[in-house]
Amino acid sequence: MNVKPMIYHYDCGKHDNDMMFELIKSNANNPVRGGGFSTGSYTESDIPEILRLIDWVTHKAADAVFSYTSEQGSSYYLQSDTRTRNFDLAYFWGMYYPKGGSVIPHNHFPSTVNCCYYIKTPEGCSPLIVEGQKIEVKESMLVIFPGHYMHEVPECEVPDRCMFNFDIVYTAKEKA
């Protein structure tokens, strides 16, 4: 499957991003290969702003997969019973990039899709590079791509690039 990353804009970001930035920056204590920092991995949250974002991201991930499969001749797209077209959050975490921080090329297999939501993107911050495609990230932008796609973040020339990463998995269980 050779598809382009899907990009969406989150309208609630203008209200929620400042709180999420402070939360991530104060909890991103785990160094990653390249010089960025991550929070712990989470499977749920009790913070209303994050719950709202998770719900939105999960729905957009399902929309993206439906678009991808419509172009690829997938039997998923041809299903008449839409009750099994379900996606669930596997886990999520925050990423904070100080000046000089980066992330080496990697993927999120076996996750179905990887979703990158950008909370703070200062002028001059590094792009996201997915399968060689450079994506200039903006605040409140969501980028979705297949979980097996290689991606990276080059060295940041400015501090405070901040985002949430979501790994979403396909679950073929029937929902009422």
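Grouping the Ile, Leu, Val, Met, Phe, Trp and Tyr side chains by contacts below 4.5 angstrom, directly or via other members, places Ile54 with Tyr42. Under the 4.5 Å side-chain contact rule for hydrophobic residues, Val169 and Trp56 do not share a cluster. Hydrophobic clustering (side-chain heavy atoms under 4.5 Å, transitive across Ile, Leu, Val, Met, Phe, Trp, Tyr) keeps Val158 apart from Ile119. One hydrophobic cluster holds both Tyr91 and Val113 under the rule that ILVMFWY side chains link at heavy-atom gaps under 4.5 Å. Met163 and Met6 end up in the same hydrophobic cluster when Ile, Leu, Val, Met, Phe, Trp and Tyr side chains are linked at under 4.5 Å.
Proximity of a side-chain donor or acceptor of Arg161 to a complementary backbone N or O of Ser126 within less than 3.5 Å is detected. Between the side chain of His148 and the main chain of Pro146, no donor-acceptor pair closer than 3.5 Å is present. Looking at Glu139, its side chain never comes within 3.5 Å of a backbone N or O of Lys120 through a donor-acceptor pair. Remark: side-chain polar atoms of Asn30 are not paired, donor with acceptor, to backbone N or O of Phe37 under 3.5 angstrom.
The pair Lys134-Glu136 counts as a salt bridge, with a side-chain nitrogen and a carboxylate oxygen less than 4.0 angstrom apart.
Within a 6.0 Å sphere centred on CZ of Phe109, other residues, nucleotides and ligands contribute 12 heavy atoms or fewer. Other residues, nucleotides and ligands contribute only 12 or fewer heavy atoms inside 6.0 Å of the NE2 atom of His59. Enclosure of atom CD in Gln133 by more than 12 non-hydrogen atoms of other residues, nucleotides or ligands within 6.0 angstrom is indicated.
For the atom pair CG of Leu23 and CD1 of Ile47, the computed distance is 5.0 Å after rounding to the nearest 0.5 Å. With rounding to the nearest 0.5 Å, the separation of CG in Asp160 from OH in Tyr96 is 3.5 Å. The CZ atom of Phe66 lies 9.0 Å from the CG atom of Asp63; values are rounded to the nearest 0.5 Å. The CG atom of Leu53 lies 4.0 Å from the CZ atom of Phe166; values are rounded to the nearest 0.5 Å. The structure places CD1 of Ile7 at 11.0 Å from CZ of Phe145, a figure rounded to the nearest 0.5 Å.
Counting heavy atoms from C-beta outward, Asp167 and Trp93 have side chains that approach closer than 4.5 Å. Inter-residue side-chain proximity for Pro122 and Pro159 is flagged as unmet; no heavy-atom pair is nearer than 4.5 Å. Put simply, the side chain of Glu131 does not reach to within 4.5 Å of the side chain of His151, judged on heavy atoms. With contacts defined as side-chain heavy-atom distances shorter than 4.5 Å, the pair Met95/Val153 does not qualify.
Applying the side-chain hydrogen bond (donor to acceptor under 3.5 Å, both in side chains) test to residues at least two apart or on different chains, the pairs with a partner in residues 4-18 are Asp16-Arg52, Asn17-Tyr117, Asn17-Ser140.
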